[in-house]
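Each remark here refers to the structure printed beneath this line.
All ligand and atom numbering here is 1-based and tracks the order in the structure.
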Amino acid sequence: MISDSHLGYGPGERERDAMDIFREALERALDHDLILLPGDIFDTKVPTPEVMSEAMRILNMPKASEGAALVDGFSKDMENVPHLTKRGLPVVSIHGTHERRIKGLVNPLQALEKAGFLVHLHCNGVVLEKEGERVCIQGLSGVPDQYAESVLSEWGPSPKDGCFNIFMLHQSIAGHVNATHVLHPDRLPKGFDLYICGHMHEDKVSEAQGKPFLIPGSLIQTQLTKESPKRRGFYSLLVEGGSLLEMKKVELEGQRPVHYLELDPDRELIDKEVSAIASGKHAKKPLVRVRLKGEMDSAATRELEGKFADSVILSFRKEPSKAGAPAAKGLEEQRLSVQELGRKLLQENLKKAGLDPRKYESVFEALMDSGTQEALELLRKPPNNKYGQEENQEANQEGPKEEARQEEGAQKGQEEGKTGQEKSQASQARQQESQGQEAEACF
Ligand SMILES: [Mn+2]
């Protein structure tokens with residue numbers, strides 16, 4: 001169970017981290033009979049050829065190994081899955097929030113499935129067998145959290161007789177994450193022997209529907225919080241005679257040490273604490289995040305970052321200044337990236353204009369990639385009424401145009417007002433967990 005590897009993530013010196021740790025995880029998982037990837041394998045929906053080719057090279061390792069046999073597509077159509085997929089140690093995946101693309105476009109996991117590297121699941125499943133032991137994996141790839149419940153109830157997955165049944169998903173789950181929309185564990189399909197969920201980056205074992213609910217956690221830290229110093233790894237499971245006999249975390253060796261300090265804005269004190277970390281022996285430079293419990297001027301924090309540049313990757317999280325923009329504080333509190341905020345505003349504006357708010361993701365992508373014309377065409381298309389709301393036929397067609405322009409302007413304005421560093425942070429933030437998005441039906 002190797003989750004949230006976020007290949008392609010890596011600002012500055014951390015560029016290689018995700019790939020290195022994914023390689024180590026895959027290598028160490030080769031003695032298993034089956035590898036599961038519960039989403040966010042990649043950090044972006046369109047990985048660069050550099051990232052994609054390196055991922056393929058790593059995913060080639062299980063091809064040369066041995067594992068369970070893929071015996072049945074169950075609800076998955078195996079006709080179009082290449083023969084190569086059935087060779088070697090099987091890898092079964094779902095896509096996560098970071099890889100999800102609008103309907104009709106191929107996401108990176110689907111691309112890897114077409115190339116024979118893995119099986120990709122979305123509202124379907126596969127059955128695997130080894131020495132008479134059968135395991136059925138059913139997967140729900142990441143869908144916008146507000147639609148997770150309705151997608152699940154329309155799909156209505158149920159366990160398969162004679163198998164150890166695993167349900168794999170990639171959603172925000174109530175009790176584990178603070179988000180606007182969460183899926184309650186009680187709403188998960190009943191009767192499965194084990195539930196595995198990606199998306200949440202801190203590993204945890206709990207219960208759902210009276211069975212183990214496993215969050216394997218991410219391989220790398222994409223956001224630095226109090227929880228970040230916890231060691232990363234993958235989960236190894238032992239299933240025998242249709243029962244889960246063992247579930248253990250395998251910590252990875254090559255990970256970068258992470259420290260999270262909460263300190264007063266005292267230069268001497270910070271210097272002393274960071275020096276203590278820097279003086280240790282490390283294979284990889286430690287990542288040190290200092291949360292300041294008060295204001296400190298930028299020249300001082302920059303000076304400290306520079307002083308330790310050769311021994312640690314130091315960064316600061318500052319308290320928003322009291323006189324500072326309330327909008328900035330709001331963003332921090334809501335943990336919304338600039339792009340997420342843009343999506344949210346666009347969704348609200350479409351709703352106000354009487355247009356189909358469920359189209360906002362496609363419209364947003366069109367605005368980002370191809371400009372306003374494509375976005376307008378999308379809005380003029382008749383609505384897909386799968387999720388219920390009716391389009392207001394009397395809506396003013398000019399409304400969204402103006403708002404779409406304002407939206408685009410707001411995005412540009414925000415980008416232009418930033419320093420280089422802020423821009424790169426914003427572009428990272430863009431790749432981070434997004435909340436509500438258009439429903440991509442799996443039907
Ligand atoms: Mn993730």
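An angle of 100° is found at the Mn ion (ligand 1) between Asp40 atom OD2 and Asp4 atom OD2, rounded to 10°.
His170 lies apart from the Mn ion (ligand 1) in this respect, since none of its N, O or S atoms is found at a distance under 2.8 Å.
Under the ring pair (Phe, Tyr, Trp, His ring centres under 6.0 Å) criterion, Phe308 pairs with no residue at all, not counting sequence neighbours.
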Please output the side-chain donor-acceptor pairs of residues 52-61 that fall under 3.5 Å, not counting sequence neighbours, one pair per line with the distance.
unit_1: Ser53; atom_1: OG; unit_2: Pro49; atom_2: O; d: 2.7
unit_1: Ser53; atom_1: OG; unit_2: Glu50; atom_2: O; d: 3.2
unit_1: Glu54; atom_1: OE1; unit_2: Arg16; atom_2: NH1; d: 3.3
unit_1: Glu54; atom_1: OE2; unit_2: Arg16; atom_2: NH1; d: 3.0
unit_1: Glu54; atom_1: OE2; unit_2: Arg16; atom_2: NH2; d: 2.8

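Looking at His95, its side chain never comes within 3.5 Å of a backbone N or O of Leu109 through a donor-acceptor pair.
Counting heavy atoms from C-beta outward, Phe164 and Leu194 have side chains that approach closer than 4.5 Å.
Looking at His201, its N, O or S atom nearest to the Mn ion (ligand 1) turns out to be NE2.
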